[in-house]
Engineer: 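I have a structure here, written as structure tokens, and I will follow up with some questions on it.
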Amino acid sequence: MKLELQGITKVFGPLVANDHIDLVVEPGEIHALLGENGAGKSTLMNVLYGLYDPDDGQILLDDKPVTFEGPGDAVRAGIGMVHQHFMLVPVFTVAESVALGYEPAGPGGILDLGAARRKVEEISERFGFHVDPDALIEELPVGVQQRVEIIKALSRDARILILDEPTAVLTPQETDELIKIMGELKAAGTSIVFITHKLREVRAIADRITVIRRGKVVGEASPESTETELASLMVGRSVNLAVDKTPAELRDNELVVSDLTVLSGSTPVVDRVSFSVQGGEILAIAGVQGNGQTELAEVILGIDEAAAGSVTLDGKELLGMSVRERLRAGIGFVPEDRSTDGVVSSFSIAENLILDLYDTEPFARGVSMNLGKVAENAEFRTQEFDVRLTDIQDPISTLSGGNAQKVVLAREMSRPLRLLVASQPTRGLDVGSIEFVHKRIVAERDNGTPVVIVSTELDEVLALADRVAVMYRGRIVGIVDAREAGPAGINRDVLGLMMAGVPLEDAVQQAAGHQSTLASADAAADGKDLT
Amino acid sequence: MSTPIVPVTAGTPVDDVPASGAVLGKISYRIPITYAVLAGAALLGLVGTMIGREGAWSQTTEFQSRYGDQWFTIPNFSVPSLLTVILLTVALLAAAVYGYLLTSGRKAVPVWLHIVVGVAFVLAFLTWAGAGKSAVIPVTSLLAGALALSVPLIFGAMSGIVCERSGIINIAIEGQLLFGAFAAAVVASLATAPYLGLVAAPIAGALIGALLAWFAVSYHVNQIIIGVVLNTLVLGLTSFFFSTLLADNSATWNARQPLGVIEIPLLSQIPIVGPVLFRQTILVYLMYATVILLQIMLFRSRWGLRTRAVGEHPKAADTVGIHVNKRRVWNTILGGAIAGLGGAFFTIGSGLAFGREMSAGNGFIALAAMILGKWNPTGALVAALLFGFSKNLGNVLSTIGSPMPSQILLMLPYVITIFAVAGLVGRVRAPAAEGIPYTK
Amino acid sequence: MTESTTPAPEPTPAATSPAPEEDPRSGAAILRKIVGGDVVISFLAIIIALVIGGVLIAFADEDVADTITYVFARPTDFLGAAWTAVSDAYIAMFRGAIFDFQADTFNRAVRPITESMTFATPLILAALGVAVGFRAGLFNIGAQGQIILGGIIAAYIGFAFSLPPVLHLFLAILGGALGGALWGFIPGILKARTGANEVIVTIMLNWIAVYLIAYVLTLGKFNASGTGLRSPQVGPNAAYPPLIPDFLVPGNTFRLHWGFVVAILATVFVWWLLERSTIGFEIRAAGANPHAARTAGMSVGRITVLTLVIAGALAGLAATSQVLIDRGSLTAGVAATYGFDAITVALLGRSRPLGTFLAGLLFGALQAGGTLMQSVTSTPIDIVFVVQSVIVLLIAAPPLVRAIFRLPDPDAPPKRARAAAKEAAA
């Protein structure tokens, strides 16, 4: 099916999220929509899927204009969408999830779950998905959940499939599988719109690339373009993709984690993990989302409780201390989910800047707070961290994601640190903010602070880390020195295999024998860049 | 058609099974501790207070199961009080020990043990209370009264489930019960037809449900706030009319119009439970039907699947073309109707005229029953029955006279509910999107 | 929706279109803010509620009912009867709540306003407790039980001991606060330790308190009269002195006492606590986002317990204004419906201390007025519940009030400018 968007405009209050966007997707084409976080990609796709009503413009399917009152209309017209945050009910089974909204039912509306199950099995078999129709969604790994989403779309005969940042939660190997699936769907005549901000992916996968920036189409590109070209098109200026950093100068102060175990119910989510980080180096914890990294970070701060093991900072045992005592001991903590754990969105920017310092001098004397000092601090910190705002007394919810993250960082770095733990420090940020955050983290390391970064983005891991620990199902599969990273030693493929649980030596061997699609694309592109 | 894709765990993953020496979680001894508390209470409070009594060993407790006319009845029987109490206490202690052993061995405590402990404690308590008394313990009427007290609670809890499963918190159950009771009484009285009251009650409840849904969905007002305020509104309205119209001309506006008792042949002849369950008004049979239907529909029907989806992950429901807010509005109206029907039990269902503040906090207890029942119809049914039973136990014992002050006995159901909320159930999982207005 | 948060390239309509965005400081914008703002909404909500109350009064009035039978023949009779019923009721309410213009002495004429303040005292205190809970994200429905417990202890200290002036009152007040705090501590510790839902636990504790006070009134010292209905009177030193002293007015009939000053002090204290203290910072943070509060090193469990203890103590203070008065004693009805009304008061006051204080005064006035209305007209005081709840419902939904009166939304840009922006963008 041919899809055409003409002059789509979507306005939220003062913000123009989509500004007269034109886009043509030919039948059986994989069309990448490239743009950085906040460029308006998801808004555009939500318009296409009937979730938002466009303020202007029209949608044509096979050259016929259509209007969608809601997602139901879009689905009926043959559009399927796999959202970045999966639209699956955690307590449902796979069959129930696929059936939802289009339930096969008998008299009295009693569900025919047998039919739903058969449908899942049929599609699952056709594309080799290996999905059990009776499994509970919440017990499935994200990679499988994504397949359920694709089954959902296919079960409704989607002929245009929108994939919104589909690789964000996958290992490189899983990404390969997804690419294979996309190839098969394409061969079967399905058009695919593939939304991403990752440059390497579009080059490996897309037939055509449309780049949008700040709500506008800024150009089309072919998959043969170099990463640098795409990046400058996407960001609007030339960007330095690498992080400048000098070799690590190790100090004596260190964080030592040994045999640390965290339980969820009776299953270990962090399973006998040991590592150490010295002052002046960055250890990145890599791995696919949900393999225990979150819990590991939280147990270091004391939000989660450890069942066994020890965590010592400069020789002092942290376990048994309250979160407050640990913060006082010099831990800086950037939580993974900023809006849930990092800020209180109804509080002012000034209040958020003292969220974990509110009862210390000079902000409080006894139980009485000094609001003057709080405001003074806010003025100073927001300038230091280049937070763009109108008034420090505005609620922090008025800030963009990047600026809110700067507030969190500014707060955590506003006291002398003995350890910095940052989880997904740049998730959802635009390139400018990413560069800023990376710089500040490296600066903290150069100050002699041990730094632990948890990231699911291999790009980020490779850019920041001095050493990389890969976690899989609560265990550390291996720790590698990032300086050895390169085509010959520890590369993207090796880390990817480790993220799927393959031990280091095996991973090196396997990677030598087989290169992933993305890595091959890299190699090809690297060759081209040289010429 | 294509080559199957390799499973996600490519290569040779590290061992998945935790090796020996794996760390195990802390054991929660909540259940055996609760058992032990009950056993201790029986030992000190019951055995302890009896054993010193003069002639304690010769005292007996008499139980009665006769209730209305039946083809055959079990005659009254007596048990030696102290001996029975001691034996039951020993059973409780044994259950506590068994529960401890199970828990420390990381095994789940079976449901039957809960039932055994509950029954043993209640029996011990009854035997203790009736020891040496000329009055008999009326087992069947105790149960019948318990059911009667539970009916509005069960309707209320079902109402809560229908609303909350779709993501709307219904604190207004209390108001819906009261308005249902009011509408049933007034309409039945005006029309001198109790069955018309049965039609009016759900409509009145639905009206309150509609108000709740309107404010919650259209204006995004905090649902707990609207619920609390609607309760006050209904209380004010019904009390106002009660002291004006209804008081001025009670023969027309507020005459008693009881629903007739319908006896189910054969089933009502079963000893003890027969007359309790099957010699009832149509309202009680409707209650059975509501629970059964809801249990089936919630988990097996299209309506149920969509309702749960809307309550757990409304955005996901929206993306498959389900109208989230429409579903929530209709469910809240339906829930209101169910609670309204339950309210009819206070007036036409019990053969009483309407009285000020008749619902007497039942709506809130229904809410507790719903939470204790983990938002499941059968679970809420059990919780509501438990509450009704403990309440009626207090009533019965305070009339036949027990060694405990009646005020303390009447406190019992509320104490038990707190125990249950804090002790046995602990952190329960509510529908994930409960109370959060849905906007795109 | 991270996608939608990026600032877009600014299409400045001001530069390109003849109808630029209005200057927010312009007269029209200010007027719109006032007309659409909180104060006006609250005022209009009260008007609507009184109108609805009026309809009910007319509906239930017997004279009106008589005229309705021939409403089409002589509609003026019907309207006249309705007008009489409603205006009589509301005039009585005004006379009972604010100023009695029919009174023969000045003292009697101004007495109603002091009565309103007397009624408002326990409402304000208990509502402050509920409001503190709301700010911490806790639905404390238990003010009723907390008042009862506060009443039991305050009364006991009041009648069982004989102590010097000031000290006796002080200790009795403290006892009341402690009693309420104890009844707040229970749901607090249960929620912190086991996660037990505070709504359920506080409701159950209300009932337990009802039976507890009935039991306590049958016990030894409390039951000196032997009826089990009323405790002995509190000692004269344990009673709040009248706020308007006898030497100022001859024939003093004013009931208003120093409890009202306690309510004012409590309001100021709660304001300081919430807005200027570290405890308040914690309470607000835990209420708005408990996850972030925990990550920032706050102990949410401790905050929960502390909040409910403070809330309970405030409700306990409410009891002192009922028990520790001239010839005051403890009865089972000590809490009346103050605990439940307090929830509505706190909601109306939007959980802000000053708002709660004003809302308490309003509800106190409605109570005082309703009492007189009930005695001089046929309208029962229950109408006050209806008026109160309609006010709160409407205030919670400003768009509804604006729709009823066709008022502009102060937050939305004016239509003209929005259309211009669209044009400019095109």
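Quick caveat, the model's predicted, so the values are computed rather than measured. Reminder, nothing fancy here: chain letters follow the sequence lines and each chain counts from 1.
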Engineer: Is V228(B) in contact with chain C via its backbone, its side chain, both, or neither, using a 4.5 Å heavy-atom distance?
Structural biologist: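 The side chain, not the backbone.
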Engineer: I'd like to know whether T332(B) forms a side chain to side chain contact (heavy atoms under 4.5 Å, CB included) with W214(B), so could you lay out the CA-CA distance, the side-chain angles of the two residues, the decisive distance to 0.1 Å, and finally the verdict.
Structural biologist: CA-CA 10 Å; T332(B) 310; W214(B) 183 38; over 6 Å; no
Engineer: Most heavy-atom pairs under 4.5 angstrom with chain B, which of L190(C), V201(C), L56(C)?
Structural biologist: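 Highest number of pairs under 4.5 Å: L56(C).
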Engineer: Considering only heavy atoms, which portion of T218(C) lies under 4.5 Å from any heavy atom of chain B: side chain, backbone, both, or neither?
Structural biologist: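 Only the side chain of T218(C) comes within 4.5 Å of chain B.
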Engineer: Are the side chains of I173(B) and M370(B) in contact, using a 4.5 Å heavy-atom criterion?
Structural biologist: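 Not in contact.
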Engineer: Check the surroundings of atom OH in Y438(B): do more than 12 heavy atoms from other residues, nucleotides or ligands lie under 6.0 Å from it?
Structural biologist: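 Yes, because the 6.0 Å sphere around OH of Y438(B) holds more than 12 heavy atoms from other groups.
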Engineer: What side chain to side chain donor-acceptor pair (under 3.5 Å) pairs are there with at least one residue in residues 218-239 of chain B, not counting sequence neighbours?
Structural biologist: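 Counting only pairs at least two positions apart or across chains, no side chain to side chain donor-acceptor pair (under 3.5 Å) contact touches residues 218-239 of chain B.
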Engineer: With the side chain counted from C-beta on, respond yes when F185(C) and V305(C) share a heavy-atom pair under 4.5 Å apart, and no when they do not.
Structural biologist: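 They are in side-chain contact.
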Engineer: Is the gap between the ring centers of F182(B) and F242(B) under 6.0 Å?
Structural biologist: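 No: the rings miss the under 6.0 Å criterion.
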Engineer: Where along residues 379-387 of chain C does a heavy atom come under 4.5 Å of chain B, listed by residue number?
Structural biologist: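 From residues 379-387 of chain C, the residues near chain B are T379(C), P380(C), D382(C), I383(C), F385(C), V386(C).
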Engineer: Measure distances from L347(C) to the heavy atoms of chain B and classify the residue's part below 4.5 Å as side chain, backbone, both or neither.
Structural biologist: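 For L347(C), the side chain is the part near chain B, not the backbone.
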Engineer: Is I186(C) in contact with chain B via its backbone, its side chain, both, or neither, using a 4.5 Å heavy-atom distance?
Structural biologist: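 Contact with chain B: none, neither part.
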Engineer: Test side-chain hydrogen bond (donor to acceptor under 3.5 Å, both in side chains) on N254(B) and S250(B) and set out the steps.
Structural biologist: CA-CA 5 Å; N254(B) 197 13; S250(B) 64; over 6 Å; no
Engineer: What's the verdict on side-chain hydrogen bond (donor to acceptor under 3.5 Å, both in side chains) for R165(B) and N376(B), showing C-alpha distance, side-chain angles and the deciding distance?
Structural biologist: CA-CA 9 Å; R165(B) 281 283 186 171; N376(B) 271 340; 3.2 Å; yes
Engineer: Using non-hydrogen atoms only, which part of L211(B) is less than 4.5 Å away from chain C: side chain, backbone, both, or neither?
Structural biologist: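 When you check distances to chain C, no heavy atom of L211(B) falls under 4.5 Å.
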Engineer: Using non-hydrogen atoms and a 4.5 Å limit, figure out which bit of Y215(C) sits close to chain B: side chain, backbone, both or neither.
Structural biologist: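 Both parts, backbone and side chain.
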Engineer: With a 4.5 Å heavy-atom cut-off, do M93(C) and L366(C) have their side chains touching?
Structural biologist: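 Side-chain contact under 4.5 Å: yes.
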Engineer: Under 4.5 Å, counting heavy-atom pairs only, tell me which of L367(B), L412(B), L237(B) racks up the most with chain C.
Structural biologist: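 Ranked by contacts with chain C, first place is L237(B).
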Engineer: What is the distance from atom OG1 of T344(C) to atom CD1 of I395(C), rounded to the nearest 0.5 Å?
Structural biologist: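 Those atoms lie 12.0 Å apart.
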Engineer: Which region of I343(C), side chain (C-beta onward) or backbone (N, CA, C, O), has a non-hydrogen atom less than 4.5 Å from a non-hydrogen atom of chain B, or is it both or neither?
Structural biologist: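 Side chain only.
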